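Report on one structure; see the data block that follows.
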Amino acid sequence: MYDKENNKASSYTSTNALAKQGIAAVGGIIGGAGLLLMSSLPPIGGILLGALAGILGIGALLSKDQEERKPGAFLTAAGCLAIVSRLSIPVIKPLAGAFLGLGALGFLAMGIWKGIKFFQGLKRRR
């Protein structure tokens, strides 16, 4: 934004950017919690939840909206990892479980970071 009185750019965050940061924060925290839930369920529950995540992710990948494709790719990958981490394939099972855990921590960290940026932007607007 531009402040006409002082002839300089103002330092507050736009409403659109603030909304995107808030949505990304909530989505990251919920996504991380969902991945943790997928990894902690019993085998049949993990497979079913992974299949549901994969189906929803594929649906988002087939969307015409570019904004929905990246989360769709992550959701599809998370669903595949959840399914593979529950199967009895000796080498792949531990790797899939590790990547699922790393993804959960990454989503949680991203959600917390976006939440901090969101609240800093709100504080600047006051």
Side-chain angles (χ1 to χ4, degrees):
M1 293 289 163
Y2 187 76
D3 186 7
K4 290 181 182 179
E5 294 176 10
N6 297 327
N7 290 331
K8 64 179 182 178
S10 61
S11 64
Y12 74 90
T13 309
S14 72
T15 304
N16 289 339
L18 219 58
K20 285 183 181 182
Q21 286 173 346
I23 290 170
V26 171
I29 292 170
I30 290 174
L35 288 178
L36 286 175
L37 179 68
M38 273 194 251
S39 65
S40 66
L41 287 175
I44 191 70
I47 290 172
L48 290 176
L49 195 56
L52 178 65
I55 290 168
L56 291 174
I58 290 171
L61 280 173
L62 297 175
S63 172
K64 293 181 181 179
D65 187 11
Q66 282 292 107
E67 297 276 329
E68 292 181 11
R69 289 187 183 167
K70 189 190 296 185
F74 286 121
L75 193 56
T76 304
C80 291
L81 285 174
I83 291 170
V84 171
S85 70
R86 299 298 181 197
L87 299 176
S88 298
I89 303 171
V91 176
I92 298 174
K93 182 178 179 175
L95 287 174
F99 284 132
L100 194 60
L102 285 173
L105 291 177
F107 270 119
L108 287 171
M110 187 227 24
I112 291 169
W113 178 253
K114 292 286 187 177
I116 290 169
K117 297 303 255 178
F118 172 76
F119 285 116
Q120 285 176 344
L122 274 180
K123 188 175 179 181
R124 276 189 231 125
R125 291 180 67 100
R126 291 185 185 182

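Quick caveat, the model's predicted, so the values are computed rather than measured. Nothing fancy with the numbering, it's 1 onward along the sequence.
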Show every donor-acceptor pair shorter than 3.5 Å between a side-chain atom in residues 39-49 and any protein atom, with sequence neighbours excluded, or say none if there are none.
unit_1	atom_1	unit_2	atom_2	d
S39	OG	L35	O	3.4
S39	OG	L36	O	2.9
S40	OG	L36	O	3.2
S40	OG	L37	O	3.1

Going by atom type alone, with no hydrogens or angles, which donor-acceptor pairs under 3.5 Å involve a side-chain atom of residues 91-114 and a protein atom two or more places apart or on another chain?
none

For residues 55-63, tabulate all N or O donor-acceptor pairs below 3.5 Å that involve a side-chain atom, not counting sequence neighbours.
unit_1	atom_1	unit_2	atom_2	d
S63	OG	D65	N	3.1
S63	OG	E68	OE1	3.0

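Hydrophobic cluster membership for I23: none, as no Ile, Leu, Val, Met, Phe, Trp or Tyr side chain comes under 4.5 Å of it. The hydrophobic cluster containing F119, built from Ile/Leu/Val/Met/Phe/Trp/Tyr side-chain heavy atoms closer than 4.5 Å, also comprises L18, F118, L122.
Distance check: I83 CD1 to M38 CE gives 9.5 Å after rounding to the nearest 0.5 Å.
Cluster annotation: L52 and L75 are assigned to the same hydrophobic cluster (Ile/Leu/Val/Met/Phe/Trp/Tyr, side-chain heavy-atom contacts under 4.5 Å, transitive).
For residues 69-87, the side chain to side chain donor-acceptor pair (under 3.5 Å) pairs, not counting sequence neighbours, are Q66-R69.
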